[in-house]
Amino acid sequence: MSTTTGPDGPDALLGPADIRELAAALGVRPTKQKGQNFVIDANTVRRIVRTAGVRPDDVVVEVGPGLGSLTLALLEAADRVTAVEIDDILAAALPSTIAARMPDRQDRFALVHSDAMLVQELPGPAPTALVANLPYNVAVPVLLHMLDRFPTIERTLVMVQAEVADRLAAKPGNKVYGVPSVKANWYAEVKRAGSIGRNVFWPAPNVDSGLVSLVRRTEPVETTASKAEVFAVVDAAFAQRRKTLRAALATWAGSPAAAEEALVKAGISPQARGEALTVEEFARIAEAKA
């Protein structure tokens, strides 16, 4: 395996041959069960870092670093990188990869061997950015957990399945607007930030990928309701998304009449559907519950 003497050396990042060599040495075979698809293209990981707007003073947290393709590109650009990896073999190997390929930066790297959904704290300075190639099967819950647990994360760029990217970035009225769209918007301004082809992964997935940018709101949603109360309304509204809000929120409110009362009080038509509402409107409904 080629190495470099500094963070900016041309061989620092992993190419297709390096990825396969590392995987073979570790006995790693990417599995669909874990949603593993390793990025094998150095230009793609540099593009992700560039699109994320990673700055020299950023403390970046990465979820699911795998063999370290994106991790190395992040280390080139950021002040510090903390990677959260659940896989025992990958977690054990990553520090050695960093040491071999970017010895000048290894003291700026930290590894947390854990399920990202269970992470409550991170070592070192508070993270300012989240950049990750998220496993398709857990992308939304992991993203929402990290945004909730680490309010210092100002900017996020995640690579997810294209369909998930569309849902996260959807606006009210869009047919794919739903629970992920509203909950992500509770924390941040969300938009699509590009597409990623299948050929930059090993193994190549049978779906396209998309980049999603999330910039944390400078002012939180203005409401006296708690996040849990607002999210309960969102979950209820989309559990039966074809129903009117009067019907969909009946169980949440206690009865259809109580749901209608809360909706009228919030200034929202009882005949409206969840897909038409902004996160602020869901917050008004939560406030209006008697």
Side-chain angles (χ1 to χ4, degrees), residues 1-28 30 36 38-116 118-135 142 146 150 152-159 200 202:
M1 190 193 310
S2 56
T3 59
T4 179
T5 55
D8 300 315
D11 297 325
L13 301 193
L14 296 169
D18 300 312
I19 292 287
R20 288 184 172 87
E21 187 183 325
L22 260 174
L26 297 171
V28 168
Q36 289 173 329
F38 299 128
V39 182
I40 56 174
D41 181 63
N43 289 330
T44 297
V45 292
R46 282 205 171 105
R47 175 188 159 199
I48 291 169
V49 172
R50 199 165 55 244
T51 305
V54 175
R55 303 189 295 248
D57 60 343
D58 269 324
V59 178
V60 179
V61 58
E62 180 191 8
V63 175
L67 292 167
S69 303
L70 180 56
T71 318
L72 290 162
L74 288 167
L75 274 169
E76 279 188 333
D79 182 51
R80 302 184 67 84
V81 175
T82 299
V84 181
E85 177 58 64
I86 189 173
D87 186 284
D88 295 344
I89 294 172
L90 296 175
L94 191 55
S96 300
T97 302
I98 303 300
R101 304 190 77 88
M102 288 192 178
D104 294 2
R105 306 291 287 176
Q106 61 179 319
D107 62 333
R108 297 181 176 274
F109 170 75
L111 177 80
V112 175
H113 181 196
S114 174
D115 180 344
L118 303 178
V119 171
Q120 298 298 318
E121 56 185 13
L122 295 167
T128 58
L130 167 64
V131 184
N133 170 20
L134 290 177
V142 165
M146 296 299 287
F150 301 102
T152 56
I153 293 174
E154 301 162 5
R155 285 160 290 115
T156 295
L157 188 81
V158 291
M159 177 161 56
V200 303
W202 174 65

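Numbers here simply count residues along the sequence, with the first being 1. Just so it is clear, the values below take in all heavy atoms, side chains as well, and ignore hydrogens, waters and symmetry mates.
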Taking all non-hydrogen atoms of both residues, which atom of [X] and which atom of [Y] are closest, and how far apart?
X: Val158; Y: Thr156; result: CG1-CG2, 3.8 Å
X: Gly68; Y: Leu14; result: C-CD1, 3.9 Å
X: Asp58; Y: Ala78; result: O-CB, 3.6 Å
X: Arg101; Y: Asp18; result: NH2-OD2, 3.6 Å
X: Val45; Y: Ala73; result: CG2-CB, 3.8 Å
X: Val39; Y: Ser69; result: O-OG, 2.7 Å

Residue set satisfying side chain to side chain contact (heavy atoms under 4.5 Å, CB included) with Val112, at least two apart, ordered chain then number -> Thr82, Val84, Ser114, Val119, Leu122, Pro123
Under the side chain to side chain contact (heavy atoms under 4.5 Å, CB included) rule, collect the residues that match up with Ala91, sequence neighbours excluded.
-> Glu85, Leu111, His113
Has the side chain of Thr152 got a donor or acceptor atom that lies under 3.5 Å from a matching backbone atom of Thr128?
-> no
Does Arg155 reach the main-chain N or O of Gly53 with its side chain, forming a donor-acceptor pair under 3.5 Å?
-> yes
Euclidean distance, [Y] [atom2] relative to [X] [atom1], rounded to 0.5 Å:
X: Leu72; Y: Leu94; atom1: CG; atom2: CG; result: 7.5 Å
X: Asp79; Y: Arg108; atom1: CG; atom2: CZ; result: 4.5 Å
X: Leu157; Y: Asn133; atom1: CG; atom2: CG; result: 10.5 Å
X: Asn43; Y: Ile48; atom1: CG; atom2: CD1; result: 11.0 Å
X: Glu62; Y: Leu134; atom1: CD; atom2: CG; result: 9.5 Å
X: Glu76; Y: Met102; atom1: CD; atom2: CE; result: 4.0 Å

For atom CD of Gln120, is the number of surrounding heavy atoms from other residues, nucleotides or ligands below 6.0 Å larger than 12?
-> yes
Under a 4.5 Å cut-off applied to non-hydrogen side-chain atoms, are [X] and [Y] in contact?
X: Val28; Y: Leu90; answer: yes
X: Leu67; Y: Thr97; answer: no
X: Val61; Y: Phe150; answer: no

Between Leu22 and Phe38, does a side chain to side chain contact (heavy atoms under 4.5 Å, CB included) hold up when you go through it step by step?
-> CA-CA 11 Å; Leu22 260 174; Phe38 299 128; over 6 Å; no
